Amino acid sequence: MDFKDTPAEAEFRAKARAFLDEHAERLAPGESAAGFMERDDPDLIKKSQAWQALKKDNGWACLTWPKEYGGQGLSSLESVVWNQEEGKYRTPPNVFSIGLGMMGPTIMAHGTDEQKERFLARMARGDDIWCQLFSEPAAGSDLAGLRTSAVRDGDDWVINGQKIWTTGATYCKWGMVITRSDPNAAKHDGLTYLIVDMESPGIEIRPIKQINGASGFNEVFFSDVRTPDSLRVGAVGDGWRGATTTLMNERASIGGGGGGLRAEDLLGLAKKVGRLDDSSVRQRIADFYVRASGLKYTGYRTQTAISRGSIPGPEASIGKLVGAPMMQELASFGIDLQGSAGVLIDRDFGCQDSYLGSPGMRIAGGTDEIMRDIIARRVLRLPTEPRVDKGVPFNQIPSGPPTP
Amino acid sequence: MDFKDTPAEAEFRAKARAFLDEHAERLAPGESAAGFMERDDPDLIKKSQAWQALKKDNGWACLTWPKEYGGQGLSSLESVVWNQEEGKYRTPPNVFSIGLGMMGPTIMAHGTDEQKERFLARMARGDDIWCQLFSEPAAGSDLAGLRTSAVRDGDDWVINGQKIWTTGATYCKWGMVITRSDPNAAKHDGLTYLIVDMESPGIEIRPIKQINGASGFNEVFFSDVRTPDSLRVGAVGDGWRGATTTLMNERASIGGGGGGLRAEDLLGLAKKVGRLDDSSVRQRIADFYVRASGLKYTGYRTQTAISRGSIPGPEASIGKLVGAPMMQELASFGIDLQGSAGVLIDRDFGCQDSYLGSPGMRIAGGTDEIMRDIIARRVLRLPTEPRVDKGVPFNQIPSGPPTP
Amino acid sequence: MNFDFSEEQKLLKKTVQDFLTEQAPLAVNRAVLESDAVYDEGLWKSAAEMGWLGAAIPEEYGGAGFGYLELVLIAEEVGRALVPIPFGTSVGLATEAILAAGKPEQKEKYLTGLAAGDRIGTLAIAEGPGPVKLEDVTTTFENGALNGTKIAVPDGGAADTAVVLANTGGATSLVIVDLGADGVTRTVQRSIDPTRTVATLEFKGAAGELLGGQGEGAALTQRVLDRAAILTAWEQLGGAQRAFDITQEFTTGRYAFGRPISSFQAIRHRLADQYVDLELARSNCYYGAWALETNADELPIAACNARISATHIGELTSVEMVQMHGGVGYTWEYDCHMFYRRAKHLGLVLGSADEWRERLIQHLIAKQAA
Amino acid sequence: MNFDFSEEQKLLKKTVQDFLTEQAPLAVNRAVLESDAVYDEGLWKSAAEMGWLGAAIPEEYGGAGFGYLELVLIAEEVGRALVPIPFGTSVGLATEAILAAGKPEQKEKYLTGLAAGDRIGTLAIAEGPGPVKLEDVTTTFENGALNGTKIAVPDGGAADTAVVLANTGGATSLVIVDLGADGVTRTVQRSIDPTRTVATLEFKGAAGELLGGQGEGAALTQRVLDRAAILTAWEQLGGAQRAFDITQEFTTGRYAFGRPISSFQAIRHRLADQYVDLELARSNCYYGAWALETNADELPIAACNARISATHIGELTSVEMVQMHGGVGYTWEYDCHMFYRRAKHLGLVLGSADEWRERLIQHLIAKQAA
C-alpha cells in the first residue's frame, strides 16, 4: 500500500507532463480546471477541437481506444495518469466526452465496419462532436419506456418524437438516438438504435433553462427526420443491447463530481461569519469532511483496481449517490451559516449558486433512487420487485392514470 | 382555541377526581404512572383486578362501552378526561387494555349474543383477563400470512401451530386466536377467528427474553388444542374481518408512548457531563424538544377531534412512527454525551436501558415500515405496489426461497 | 380542551383560499420572478381591501378587527399560494413593532397606512453575515439622524418605511425611517428568491424618530421577532403543504415501469415521512397561534417550536419536490424552484433555524431554573 | 498508486477468518455474555499463539514480525467474529503505549508478556462522564505511589496491567501499574456490552513506574489514542460488515407478502445506503492503515476520519440489523443484540465520535494555518 507511482507510471507521467508543459499553461494555485461547457460558445468549441486534434496528432488522445480506431491501445492505468496531469493545466472545456466515452465504444461494439471506418477516427480527433439522444419527457428513470418512433420507409428510417436532456445538441454533428421501432413488442424488445445527422431537416433543438438559469441541456424534437438504414447500430429490435453498452460506459465516466464547495471551505466561511468557535458548526463540517474523505479514498481504491485491469463496475454509482446530495447539504448548511444574510447571492463561497445547481446533480445521469436500485440489484444482488411492465407488449403497459 | 375544560368537561373531571381522591393516592412529583406489566407478578395482578372491579362497581370502568355490555355509554370525551385524571394517581398496572380495548369491541361487533352475555361483563369488571393471539414467527408485518391451523372435528375446532408476542399469556383466562381454516383459499379468505380457554390442554406458554433482558411477551404453542365451535367469532373463513376490527382498535390504543427519557432531561445530563455550553449539544436537544412538542400538540389536536366525536383514524400511526425512533435517538445521543463512560449502565438518566429497550418500540404493534405504509395507503391514499400474494390460494404463495 | 380553529375562522380561511386560487395562480409569482417587479401590486391592494394587512390592527387605526387566529390562517394561505407580496414583513415585523411600541400619534400615523396597504413596512437589523447580536449594532441614531448600513433587509425593494435597530449612545433603540427621505440609499440585492426582494439600506444622516423607549431596542426587536416567527411559520407551513400536495399529485400521475411512481416505496415512504413532519409542524404552529392570540407567557418557546419545525418542513418538502419531479423538476419551466427558493428565503429571513434553536435552549434552561 | 493490501496480507486475513469461522462462532460471544466470564481464555491463547497480539511488536520482544497492515486485517476479523477478547485494548492501547514510550527494560518486561498473551494490558484515563480532558486528571502519581480513581477502564475485568494517565506535580505522565498490586481495587461495572467488560480502578498508594518522560502524559496518550483509533476502526468495520451481511442474508430469506423482504425498496434502498457508508468507512480505514504503517504526518487526521466513519457505520448497521430482523431481532435468542451492544461499546471506548470530530476540526484548522 503506497501512493507512489510505479516506475512505469512515473515514466509515462513525465512524458505526459513534458507534452503538456510545451503546449498548455499550468493552472494557477486555486484555479479550477474548465468543466463541462455551460453555454455554446462557438469560439470555445473551436479551441476545444484544436486542442483535441493536437493531442490526437501527438498520441495523447483516446489512450485506451484500440490503435485501429485511432486510439493508442494503452491501459486504464495510463489513462488515469494522463487525466491527472491534464487536469493540472488550463485547457479548453471538453466537449468530446460523450462521443469518446460512450458513443465511440458503442460503435466499436455494435457498429458495422463501414460505420467504424467512417466515424471513429474523426471522432477521436475531435473533427466531429457527438451527442446522445436517450431520455424523453416520459422516459427518464424508466429509460426503456421511450416512445420516439422509427418507421422503416425504403432504405430509410423515419423518426418522430422528442428527446430531452441532450448535452451539446446545438453544436454536435452526429447523434445516436434510441427509438421504438415496434410498439407491439415487449418493452425492451422493440427498440432500434440509429445514428442521425444532427443537421437533418426536421430536427428542432430548444435549450432547456434550468432552475439556476443556466442552459447546458436541450430538448430535441424529431419531425419526420430521415436517416439511412446503413446508420443503424445493431439489429432491428435489438437497440436495448446497444443502449446498455452506452450506459455502462456512461456510468464509468460519471465521477464523484469534484469541483464546487468543499467541506474545508466551510471553515473559512464559518470564520467569516464569526462562527468558527461554534461547536455545532465544527461538528457538521467534520462530518462533511469525513464523508468527502471516504469518497476520495474510495476513488483511490477504484484507481488501484483499474490499474490492475479491473473494469469499473456498478460500484461507481457510489460517487454520484454520495457526492450529489452532499453538495446540496453543504450548500444549504453554508447558506444557513450566513443567517438572515444567507438569502444574498454570495460569490465568495458560492453557496447560493451551489444550492440552486446541486439538485440537478441528484437527477442527471440517474436519480439517487435509481443509483440505490443499481447498487441493490447489481452490487448486492438483492431480489427485485415484481415488475408489471415485463413480457407485456409495450403499447399495453400503463403509462398514466386509467381514464375514468 | 383554548386549553380550558368546557363546563361539562370540568364537571365530569371533578367527579372523577373525587372518586380517585377517595380510593387512590396521587403520584408524587416526578413519579411516573405504572406502565404495562414487565413481569407476571400474581399479587400485582390481583391488585389490578381489585382496582378494576372497584372502578366497575362505581361506574368508572369501560366508559365508552354500551351500558348493555357493562359499560357506561359515555363518549370519548369523558374517556379522555378520565384517563388524564387516573394517570395522576398511583394505580396498579393495567392488564386489561387488550381485552377492553381490542377483544371486547371485536366480540361486540362480530360475536354471538351468547358470547356477549357470557364474556363482556366479566371482562369489564376484570374478572377475566384476555389476550390476543395474532402474530406468528413467519407472520409479523404480513399478519395475514399466518399458518396456525384450525380443523373442524365434530363440534370442536382443533388448533395446531405457534403464536408469538402474546402479552400476558401466562395470566390470561381467555385468548382470541386467528387461525387458518382453509389453506386452499386465498390468503385473506381462509381465516377463522376463535376464542380459546388459555387453560386448555395442549397449550404451552414460553416467555420471550428480550434483548434488554426483560420478558413482557410470550410464545404460545398449540398442540391439538380443542375449542368448541360455539366460541367461533364471525363466520368460518371470515376471520380477517374480525381481525381488522381488532387491529383498528389496537391502532387507536397505541399512543405516543410517553414515559421514558425526555428531551428536557438531556439538559440535566449535559450539565452533569459539563457540556451544557456546547452548542452542538444544545442544537441537538432543541431539535428533539421541537419534535416532541409537535407530537404533544398533535395529541391535543387529536383529543379535540375525539371530543367532537371523531374516531381516531390511521393518523394515530404518527405517534409511534415519530416517538419510537426518537426514543432510540435520544438514548443514543444521551449515551454519547457521556463519552467513554457512556458504556456504563447509568441509572440517573437511564439512557443505556432506553437504548436497549427502544428498538422494541419500533417493532411492536407494527414496524416503522408498516406505519409508513399505513400512512401512505390509508391517509395519503397513494397507490400501492403490485401484490404477488393476492388472489392466489394461500398454500401456493411463496413463503421462502425456492428450493434449488 | 379546544385545540382547533372555530368554524368562522375556517370559513375565513376558505374565503382567502378561494380568492387566491382564482387571483394568484403560480403564474403570478413567476411573473414577478421573471420581471423587474419587486411584488405584485394588484394583489397587495386586494390584500389591503380584504382586511388581511390590518387583521391584527385595532379598528380605530383602520384595522379589520380580526384577531391573530384569523391572521395566521391568512398567512398560511398567502404561503400556500406563494403570493409575491411583502405580507409577512409589513404585517409581521413593521406593524407588530409599531403595535408594540408606538405612541398613539405614531400608531395613528403609521398603522392606518399599513392597514390600508398605502405604506409597506420592514424591519432592518442585520449589518453583516452570520447570526445577529441584537445588543451589538453599529448603525447609530443621534440627534434625530440615522447613520450606518443595514443589509438583507426583507422586502427591502418594496418597503417605504423601515423600523431600524440602532445604537443610541451605548444602548439600542428602534427608529422609524421613511425610505424616501434624504440620506437614505436603497440598493436591491440579488437574492435566492427574487420574488421577495432584499435590500441594502445605507443611512447617511437620514431623519428618523424613536419607536419605543430609548434603550429598549433589543428587547422590542426580540419581541417582534418572536411574534413574526409564528406568523412566518404559518406562511412557511402553507408553502410546504402546497409543495407536498403538488408532489403527491405529480408522483401519482407520473408513471414509470408501468405504474405510478408514488406506488414505489422509495417515494411513498418518503411522502409518508413528509406528511408526518408536516403534521408535527402544523401542531407546533397551532400552539404558536394560541400563544399569539392569548399573548401567553409560553410565546417565546412556542415561537421557537413553530419557527424551527416550519423551517425544517419548508426546506424538506421543497427539496423533495424537485427531486421527486425528476428531470422536469430541475427546469425553470416547472414550478418546483419557486417553492425551493421561497422556502429557503423564509427560513432565513428572521434568522436561521440554528439561531432559533439556540434561543429555545436559553428559554428552556431559564424555565428549568425558575 | 497502490491503495490495496498485498496478496500475502490478504492471505493472512483469510487464514485468520477461517480460523475464527471455525473456532469463534457467535455462540462463543454469547457464552461470555451469559456467564460470569469476562473474556474467552481459549481464544485469547490462540490469538497469542498465532502472533496476533504481537503483530506490531518487534521480534526481539517476542513479536511476530508482522506490520500494521497485517495488524489491521487481524483486527477486522476479530471485529467480524465479535470475538470476546481484550484484543483492541491490550494490543491497541497498552502495547502501543509501551512501544511508544517504554525504556528498553520496560519493553523487555512488558512486551514479551503482552505478545505472549500472558499479560493483558489496558489504558486508564477517564475519571468521570463526559469528554476527557487529557491535561486535567486528578489521579496523582507521587513518590512512586498512585492515588485516585479511574472509571470505565476498557477490558478492565480482564486486564492485569494498566497504563494510567496521572498528574505528576502539575503536568501529566503515564504510569504502569500491576493491577494485582497492593492498593489497587478493581470493580467490574455493569456495561452495555458485558463481553467487553469495563471496570473502576481505585488506587490507594499503589506502586507504579513512570512510562515515558515526566510531563509527557497527555501527548503520549493522544498519540496512543490516535493509533488505537485506527485499529479499533478496523474492528468496528469488521463488526459492521458482518452485521450487514447477516441482515442482507436474513432479509433475502425472510418472506412477507409472498416475496423476500429485501425485494421491498423500504429495505433494499436502506441496504444500499448501508453498503455505501460501509465502503466510505472502509476507504477511510485503508487510509488510516497506510498512515499507521508509514507513521505518516497525516496520521492524526486519518485517525479521526477512520474513527468517525467506523463509529457511524457500526451504529447504523447494528440499529438496522435489529430493525430489519423485526420481532425476532428484538429477542435475546437472536444474535442482533450482540452486534448492537458491541457497536455502541466500541464507539465509545476511545471517546465518542463528537470528541473525534472536534479533534479533526482542530487538526484541519492547524493545517490550513500552516
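Just the heavy atoms: all of them, side chains too, but no hydrogens, waters or symmetry mates, feed the values below. Everything numeric here is computed off the predicted structure, so don't read it as measured data. Chain A is the first sequence line, chain B the second, and so forth, proteins listed ahead of strands; every chain is numbered from 1.
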Item checked: chain D contact via B/Arg284 - which portion, at a heavy-atom distance below 4.5 Å -> neither
Check: Once you round to the nearest 0.5 Å, how far does CG of B/Asp346 lie from CD1 of D/Ile192?
Finding: 11.0 Å
Next item on the list: Among the options D/Met338, D/Gln189, D/Arg254, pick out the one with the most heavy-atom pairs lying under 4.5 Å from chain B.
Entry: D/Arg254
Notebook entry, point to check: Heavy-atom count around D/Gln222 CD within 6.0 Å, excluding the residue itself: above 12?
Noted result: yes
Next item on the list: Tell me, for B/Tyr355 versus chain D, whether the close heavy atoms (under 4.5 Å) come from the side chain, the backbone, both or neither.
Entry: both
Notebook entry, point to check: Considering only heavy atoms, which portion of B/Ile164 lies under 4.5 Å from any heavy atom of chain D: side chain, backbone, both, or neither?
Noted result: neither
Checklist line | Considering all heavy atoms, the nearest B/Ala341-D/Gly128 contact | finding: CB-O, 4.2 Å
Item checked: Between D/Pro131, D/Gly351, D/Ala126, D/Ala266, the one whose heavy-atom pairs under 4.5 Å with chain B are most numerous -> D/Pro131
Note to self: For the interface with chain B, which of D/His337, D/His345, D/His325 has the highest count of heavy-atom pairs at distances below 4.5 Å?
What the structure shows: D/His337
Next item on the list: Could you please state which residues from residues 352-363 of chain D sit under 4.5 angstrom from chain B, measuring non-hydrogen atom to non-hydrogen atom, sorted by number, or 'none'?
Entry: D/Ser352, D/Asp354, D/Glu355
Checklist line | Neighbour count above 12 (heavy atom, 6.0 Å) for D/Tyr334 OH | finding: no
Check: D/Phe257 pairs by side chain to side chain contact (heavy atoms under 4.5 Å, CB included) with which of B/Asp142, B/Ile397, B/Val388?
Finding: B/Asp142
Margin query: How long is the straight-line distance from CG of D/Leu348 back to CD of B/Gln338, given to the nearest 0.5 Å?
Written below: 8.5 Å
Margin query: Side chains of B/Gln352 and D/Lys344, heavy atoms from C-beta outward: is any pair under 4.5 Å?
Written below: no
Next item on the list: Heavy-atom pairs under 4.5 Å with chain B are the metric here; pick the option from D/Glu333, D/Arg196, D/Gln265, D/Glu315 that has the most.
Entry: D/Glu315
Next item on the list: Using heavy atoms and a sub-4.5 Å threshold, report which of residues 133-141 of chain B line up against chain D, by residue number.
Entry: B/Pro137, B/Ala138, B/Ala139, B/Gly140, B/Ser141
Next item on the list: Kindly give the heavy-atom pair with the smallest separation between B/Pro401 and D/Gly253, and that separation in Å.
Entry: CD-O, 3.6 Å
Notebook entry, point to check: So which heavy atom on D/Val322 is nearest to which on B/Pro359, and how close?
Noted result: CG1-CB, 3.8 Å
Margin query: Using a strict threshold of under 4.0 Å (side-chain N to carboxylate O), is an ion pair present between B/Lys209 and D/Glu34?
Written below: no
Checklist line | D/Phe264 side chain reached by B/Glu385 side chain, heavy atoms, under 4.5 Å | finding: yes
Check: Any side-chain heavy atom of B/Asp389 within less than 4.5 Å of one from D/Arg259?
Finding: no
Note to self: Let's test your reading of the structure: which of D/Val319, D/Asp193, D/Ile125 forms the most heavy-atom pairs below 4.5 Å with chain B?
What the structure shows: D/Val319
Check: For B/Lys390, is it the side chain, the backbone, both or neither that has a heavy atom under 4.5 Å from a heavy atom of chain D?
Finding: neither
Notebook entry, point to check: Considering all heavy atoms of both residues, which atom of D/Val132 and which atom of B/Ser340 are nearest to each other, and what is their separation?
Noted result: CG2-OG, 4.3 Å
Next item on the list: Among the options B/Leu269, B/Ile335, B/Leu337, pick out the one with the most heavy-atom pairs lying under 4.5 Å from chain D.
Entry: B/Ile335
Item checked: Nearest-0.5 Å distance that lies between atom OG1 in D/Thr200 and atom CG in B/Leu344 -> 7.0 Å
Next item on the list: For chain D, find which of B/Ala144, B/Ser332, B/Gly342 contributes the most heavy-atom pairs closer than 4.5 angstrom.
Entry: B/Ser332
Item checked: For the student: nearest non-hydrogen atoms of B/Pro402 and D/Tyr255, plus distance -> CD-OH, 3.7 Å
Notebook entry, point to check: For B/Ile208, is it the side chain, the backbone, both or neither that has a heavy atom under 4.5 Å from a heavy atom of chain D?
Noted result: side chain
Check: For chain D, which residues from residues 272-282 of chain B lie under 4.5 Å away (heavy-atom distances)?
Finding: B/Lys272, B/Val273, B/Arg275, B/Ser280
Note to self: Among D/Arg190, D/Arg341, D/Gln323, which residue has the highest count of heavy-atom pairs closer than 4.5 Å to chain B?
What the structure shows: D/Gln323
Item checked: Those residues that, when tested against D/Tyr340, pass side chain to side chain donor-acceptor pair (under 3.5 Å) (two or more places apart) -> B/Gln328
Check: More than 12 heavy atoms of other residues, nucleotides or ligands under 6.0 Å from CG of B/Asn184: is that the case?
Finding: yes
Notebook entry, point to check: Has the side chain of D/Tyr330 got a donor or acceptor atom that lies under 3.5 Å from a matching backbone atom of B/Gly357?
Noted result: yes
